*Asks:* 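One structure coming up, written as structure tokens, with questions to follow.
Residue numbers start from 1 in every chain, and the chains themselves are labelled A, B, ... in the order their sequence lines are given, proteins ahead of strands. All values reported here derive from a predicted model rather than from experimental measurement.
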Number of protein chains: 2
Amino acid sequence: MKGADMLNLENQLCFPLYAASRLTSQLYAPLLKELDITYPQYLVLLVLWQKGNQTVSEISKQLYLDSGTLTPLLKRIEEKGLVHRTRSKADERIVSIGVTAEGTQLKEKALCIPMQLITSFKEGGNLTMEEVVAFKKTLDKMVGTLARAV
Amino acid sequence: MKGADMLNLENQLCFPLYAASRLTSQLYAPLLKELDITYPQYLVLLVLWQKGNQTVSEISKQLYLDSGTLTPLLKRIEEKGLVHRTRSKADERIVSIGVTAEGTQLKEKALCIPMQLITSFKEGGNLTMEEVVAFKKTLDKMVGTLARAV
DNA sequence: TAAATTTATATTGTACACAATATAATTGTA
DNA sequence: TACAATTATATTGTGTACAATATAAATTTA
């Protein structure tokens, strides 16, 4: 490949990642609208449902989001009554986040989301299961590499 | 996999796409800072460098971005002197975008970016070339599927 | 222990994303 | 040819992202 060809859109690796990420968010949007949450808010709830109470920086490490993104997002879902934010007594710098009863209830409504996603994904029809499994394996390695690099 | 396990972060396909997309943007950031442009602005310039003058909706189709994102972005890079925006005489609804002389010059500075990205990517060291090639092939198919689905 | 450093979160400012709506030009149609 | 429908772009409003900076608490060090 010549130098200039490397600037062609179809030869980029990062552009399809960017496109796929935004397009999947749009695929989630109507399902998440039923729960009245956004995709990043859903990710935060996934962490809390799975791990229980987490500090802001624990959430930050798992989602690769900084406090500049998380603080206002967490305030918004606190406002909605889905989580509580509590400053630690032992160390007042730390803010612990946990789901409320309402936040726990929302998990029941979220249970059907992964399956619906997979279904509407399969409808496209041109991806085999093996292909997707290999893809996810590489993708996970790539995220690990990137997280160490940036 | 049980229903609840499907809500675990490590079982998500969309989360690593989202993470990889943002982390690669962050990997680009210092290189693009030298050109004084952002990653989405870089993508628009890639299209214009490759295809020449394009209407807003032609750019929109290739990048999967709507006018709500493109119009202000295009105004900003017009402000920087990198592109011109011209309303078509034949059909006044259409706005044609093209790079200026300064925008063309910027391509020379951009030529080294893909190679630098690949290098800093390889430094991570845990991905083979074959793996990345297969990955990109699946990713491109996936983007096609998603673009049709949303 | 007082001062310097580090750590955890918050704030500010800029630039996307995107849904929803608006506007204006063009095309299709009765 | 009026007039309804469509098309292309722009605007508005909300919610991320993220760099840079601020703040305050905890820890380290002189």
*Asks:* Rounding to an integer number of Å, can you tell me how far B/Leu63 CG sits from C/dC16 C1'?
*Replies:*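 Whole-Å distance recorded here is 13 Å.
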
*Asks:* Which residue pairs satisfy the side chain to side chain donor-acceptor pair (under 3.5 Å) criterion with at least one member in residues 91-111 of chain B, sequence neighbours excluded?
*Replies:*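 For residues 91-111 of chain B, and leaving out neighbouring residues, the side chain to side chain donor-acceptor pair (under 3.5 Å) pairs sorted by first residue read B/Asp91-B/Arg93.
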
*Asks:* Got a sec, which pairs hit side chain to side chain donor-acceptor pair (under 3.5 Å) with one end in residues 133-142 of chain B, sequence neighbours left out?
*Replies:*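 For residues 133-142 of chain B: A/Glu131-B/Thr138, A/Glu131-B/Lys141, B/Lys136-B/Asp140.
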
*Asks:* For residues B/Asp66 and B/Ser60, is any side-chain donor paired with an opposing acceptor at under 3.5 Å?
*Replies:*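 Looking only at side-chain atoms, B/Ser60 and B/Asp66 do not form any donor-acceptor pair under 3.5 Å.
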
*Asks:* Which residues pass the salt bridge (charged side-chain N to carboxylate O under 4.0 Å, His left out) test with A/Lys51, not counting sequence neighbours?
*Replies:*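 Partners of A/Lys51 by the salt bridge (charged side-chain N to carboxylate O under 4.0 Å, His left out) criterion come out as none, since no residue qualifies.
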
*Asks:* Who passes salt bridge (charged side-chain N to carboxylate O under 4.0 Å, His left out) against B/Arg85, sequence neighbours left out?
*Replies:*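 Partners of B/Arg85 under the salt bridge (charged side-chain N to carboxylate O under 4.0 Å, His left out) test: B/Glu78.
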
*Asks:* Considering residues at least two apart in sequence or located in another chain, which fulfil the side chain to side chain donor-acceptor pair (under 3.5 Å) criterion with B/Ser25?
*Replies:*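 With sequence neighbours excluded, B/Ser25 shows a side chain to side chain donor-acceptor pair (under 3.5 Å) to no residue whatsoever.
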
*Asks:* In whole Å, I'd like the distance from the CD1 atom of A/Ile37 to the P atom of D/dT16.
*Replies:*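 My rounded result for the distance is 10 Å.
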
*Asks:* For A/Glu34, what residues pass the side-chain contact (heavy atoms from CB on, under 4.5 Å) criterion, not counting sequence neighbours?
*Replies:*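 Residues passing side-chain contact (heavy atoms from CB on, under 4.5 Å) with A/Glu34: none at all.
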
*Asks:* Within the 4.0 Å limit for protein heavy atoms, which parts of nucleotides 6-15 of chain C are touched? Write it as a string from 5' to 3', B for base, S for sugar-phosphate only, - for none.
*Replies:* -BSSBB---S

*Asks:* Can you pull the side chain to side chain donor-acceptor pair (under 3.5 Å) pairs that have at least one residue in residues 12-24 of chain B, sequence neighbours excluded?
*Replies:*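 Found A/Tyr28-B/Gln12.
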
*Asks:* With a 4.0 Å heavy-atom cut-off, tell me which residues in residues 14-34 of chain A come close to DNA chain C, sorted by residue number.
*Replies:*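 Those residues whose heavy atoms fall under 4.0 Å from DNA chain C, taken from residues 14-34 of chain A in numerical order, are A/Tyr18, A/Arg22, A/Gln26, A/Lys33.
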
*Asks:* Let me know the distance between CD of A/Glu92 and C1' of D/dA26, rounded to the nearest Å.
*Replies:*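 Nearest whole value for this atom pair: 11 Å.
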
*Asks:* Can you tell me the distance, in whole Å, between the OH atom of B/Tyr64 and the P atom of C/dC18?
*Replies:*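 Distance, rounded to whole Å: 13 Å.
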
*Asks:* Over how many whole Å does the gap from A/Glu79 atom CD to D/dG15 atom P extend?
*Replies:*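 Taking CD of A/Glu79 and P of D/dG15, I get 11 Å after rounding.
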
